[in-house]
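In what follows, every chain begins at residue 1, and chains take the letters A, B, ... in the order their sequences are listed.
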2 protein chains.
Amino acid sequence: MQNFSYSNPTRLHFGRGTENDAGRLAKEVLGRAGKALVIFGGGSARRSGLLNRVLSSLEAEGFTVIEKGGVTPNPRLSFVRETVDWMRDQGVSLIVAVGGGSVIDSAKLIAASLEYEGDAWDFFDGHAKIEKALPVLAVLTLSAAGSEQSIRCVISHHGTKDGIGVECLRPRAAIINPEIFATLPKHQIASGVVDMISHIMERYFSATDATAYIDAQAEAAMKTAFEYGPKVFADPKDYDSWCQVSLVGTFAHNGVFGLGRVEDWACHAIEHELSGWNEAIVHGMGLAVIIPAWMRYVSKSEPARFVQFARNVMGVEAGATDEETIERGIEKLCDFYRSLNMPLTLKDLGAADCPIESLARHCCRKGKVGHLKALDEADVLAIYRAAND
Amino acid sequence: MQNFSYSNPTRLHFGRGTENDAGRLAKEVLGRAGKALVIFGGGSARRSGLLNRVLSSLEAEGFTVIEKGGVTPNPRLSFVRETVDWMRDQGVSLIVAVGGGSVIDSAKLIAASLEYEGDAWDFFDGHAKIEKALPVLAVLTLSAAGSEQSIRCVISHHGTKDGIGVECLRPRAAIINPEIFATLPKHQIASGVVDMISHIMERYFSATDATAYIDAQAEAAMKTAFEYGPKVFADPKDYDSWCQVSLVGTFAHNGVFGLGRVEDWACHAIEHELSGWNEAIVHGMGLAVIIPAWMRYVSKSEPARFVQFARNVMGVEAGATDEETIERGIEKLCDFYRSLNMPLTLKDLGAADCPIESLARHCCRKGKVGHLKALDEADVLAIYRAAND
């Protein structure tokens, strides 16, 4: 196990009706009322009444609120730039994100950019580091990305989807009311479940030794998602099951499952090329295509972790050989994806014609990706090819 | 599942040599150097060189340090009062605890008392609430009580051992270097393992429904302790195993395993009477005596959780009846305690002559204890009697 230093001060405010506490939490975060910029996506947050409940709660505590909708899935830098230009020098003291990962990630980048003179893309292309950010409060509408407790922020810009992670981007409070998930479309529920499990996988598939405590915690969390994900997919009104799924989702990406070990993140890098190339591609669906192909490729040289995954997480019987055990685990994972109507090939994903050579090149533009096996351009291309079969 | 609101900002600073970062962390906590009161227990922290490394690290960052040793196991209010009298109006800005739970709990109460005009016992007898406290930084020497990340503080005063829990008592940083545990006496290692598992049990034995995510996390953590506890007991120099055990210990009491449910805490209340009555009794040893007796008593009316514990945590085969399954689980737990040379009866504990009638009365002085089954004085007496057989 490696040394680590970890602190996650995000207040997790969880349960029925908790969105009505947004104003009180905002005031606790700031120590006073102030001007809050409320970011959201399409009109569903407004139509459902959630946005109004959050706005009312903020106003009841004395906040002045400014609304800004229009964040898209695979959120764009252009939205961030436009919002920052509009809000600069307006005395905003808090960003409230009402949405899923795309909205929260946009809010984080706006929060950092309002504390920085230059352009937001500077943080991604290496021209600047995020030193500080306005406080962000997240009200979750989709359990998937885990951004509500994470240090990460992923933004798309001209076909490049790039991520950064800085402690000061961690939201100060995350409000999760699983009642809100009852009206989600099924493909979003399924993609969310795939995404949250992938955040645990990216930490679990590690060559760092002596990590039994965190391994067991990660295995238990993945098993909970494998059990309860299909329940909320079958019945989105199942509040009790949503409690389990949304706890997996929010812990999956707050860093705890990566304590003391090298994390991987190859699958995210490889998938980001797909949803960067075509923003209509849903991140979770892209992951369902990439992850099994990555597993089959990397397990050839690093079998041990994949045997452990097959036995402890997927619960398959050991085969005659490690290869057989590993394949049973991957096949059971694919069955799970199929049960959620997830695509399993680039063709299923509607990306049969994507330029995999140039995506592989772009994926490795900063060097190799992943750590369990560090993948170069040829490796990534081989994984795209396998995902195309 | 119940609604909850949870935030744990304690920085967990973990691994080899991390005590040498005490000064840097203290400066991050305060935003500047200042006057640090360093609390410790007997002479072992000094003899091992740990205290000097912490002091040097603080001084290197510009801190003025004041040392105060002498905290005893089952820490006394008298030490807290004496230290507060000595330090009041001295401009202390940070308390550094170098020790286990007793030292950290004493540091917490000193930290709160230096921000309060009256007497420290006011917080326990209901005369005052803790509103604020100086920041505490904990450097752990014994993995057991979990105080380094918890909101709790337990203090003994004239035969009463009482606890309080307030958010502002949570240490700002917890430094855990498992190398330090290599020289611990075996009975302290064993008592620590029993204590940390009990902190998970107190949260796990709950009647709140729909808590599958937290249940699975708690079960995984207990199983890790059952596997790795005996390893560090057998070989205290086994750093890799200490990493697992000390992670269990520090997560066991930071609140995460209690999210969204009613916690129990009867066993702690019943044990505190024993170590309050005779401060030579080690808390973890008292728990090893009380827990099986409590399990046999409460499982009669609340069998479901105990069946789950027997199957999922202790890994026993289901018996012909629930009673048989439960008893197999408890017997396997007792075997575990025996393997760590823990006592299993009041007689083994050297407490055959303790006044169980008056202890039961004192235990319930504020009302019933526990929640899975709320226990009155007669129930507690029955548990003491069972523990005496």
| said: What part of A/Leu259 gets within 4.5 angstrom of chain B, counting heavy atoms only: side chain, backbone, both, or neither? | reply: side chain

| said: Let's test your reading of the structure: which of A/Ala216, A/Ala218, A/Ala212, A/Cys243 forms the most heavy-atom pairs below 4.5 Å with chain B? | reply: A/Ala212

| field | For B/Arg11, side-chain hydrogen bond (donor to acceptor under 3.5 Å, both in side chains) partners two or more places apart | value | A/Ser5

| field | Under 3.5 Å donor-acceptor, A/Arg261 side chain and A/Phe257 backbone | value | yes

| request: Sort A/Thr211 into side chain, backbone, both or neither according to what part of it lies under 4.5 angstrom from a heavy atom of chain B. | output: backbone

| Side chain, backbone, both or neither: which part of B/Thr224 has a non-hydrogen atom closer than 4.5 Å to chain A? | side chain

| field | Winner by heavy-atom pair count (cut-off under 4.5 Å) against chain A, out of B/Asp240, B/Val256, B/Leu247 | value | B/Leu247

| Looking only at heavy atoms, what is the nearest atom pair of B/Ser246 and B/Pro178, with distance? | OG-CG, 3.9 Å

| Partners meeting side-chain hydrogen bond (donor to acceptor under 3.5 Å, both in side chains) with A/Asp21 (sequence neighbours left out) | A/His13

| message | Just by distance, no angles: are the side chains of B/Glu148 and B/Thr10 close enough, under 3.5 Å, to form a donor-acceptor pair? | response | no

